[in-house]
Amino acid sequence: MKEEYTNQHRRWYDKDPVLSQAVSTLEKSDDETQIRIALNLIKIIIEHNIEDEKFEAVEDIINAVGSGLDDNRKGRWYDIDTTLRTAMNMLQNCPEATQHIIAKEMAKMVVDRIKKDEDDEEEV
């Protein structure tokens, strides 16, 4: 599923502007927000793949999560945390159409989390 990247798209998620913006915002979020969104992303990706009948058993999900993970790779911002790396790897291995759908949900989660954090700060 991995493709060669042109100069126009340096990273795999830059091909979709919504996904690119959502990932950029996630990258700038605090650690707790990143983990919460990563966990939600994993759940959403699994749900989408079950709906599309790509996963028929738990083993299929485990194999999908493990494919492409390199424990020695630490150069990307999301490689620091295993949960975040797993979520991003699963997202990368989704078809582009699914990535776009999930990107919209991801963007909404990030914005909602930021708004909640701002509301919590105002109450203090």
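With 3.5 Å as the limit, one finds no donor-acceptor pair spanning the side chains of T86 and N89.
No chain of hydrophobic side-chain contacts below 4.5 Å, direct or via other Ile, Leu, Val, Met, Phe, Trp or Tyr residues, connects V23 to V18. Under the 4.5 Å side-chain contact rule for hydrophobic residues, I37 and I46 share a cluster. Under a hydrophobic-cluster definition in which Ile, Leu, Val, Met, Phe, Trp and Tyr are linked whenever side-chain heavy atoms come within less than 4.5 Å, directly or via other members, Y13 and V111 are assigned to different clusters.
Scanning both residues, K15 and E96, for their nearest heavy atoms gives NZ-OE2, 3.5 Å.
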Could you give the side-chain donor-acceptor pairs of residues 102-110 under 3.5 Å, partners two or more places apart or in another chain?
from	atom 1	to	atom 2	distance (Å)
E105	OE2	H48	NE2	3.2
K108	NZ	D112	OD2	2.7

- Item | side-chain contact (heavy atoms from CB on, under 4.5 Å) assessment of M90 paired with I42 | CA-CA 7 Å; M90 289 176 74; I42 292 168; 4.0 Å; yes

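Interatomic distance, CZ of R10 versus OG of S20, reported as 10.0 Å (0.5 Å rounding). For the atom pair I45 CD1 and M88 CE, the distance stands at 9.0 Å (nearest 0.5 Å). Here the straight-line distance linking atom CG of L19 with atom CG of L26 works out to 10.5 Å at 0.5 Å rounding.
Residues forming a salt bridge (Lys or Arg N to Asp or Glu O under 4.0 Å) with K116 (at least two apart in sequence, or on another chain): D120.
Screening K28, E27, R85 against W77 for a side-chain contact (heavy atoms from CB on, under 4.5 Å) leaves a single residue, E27.
Not one N or O on the side chain of Q34 forms a donor-acceptor pair closer than 3.5 Å with the backbone of L84. A donor-acceptor distance shorter than 3.5 angstrom exists from the side chain of T25 to the backbone of Q21, with no hydrogens or angles considered.
Inter-residue side-chain proximity for W12 and N93 is flagged as unmet; no heavy-atom pair is nearer than 4.5 Å.
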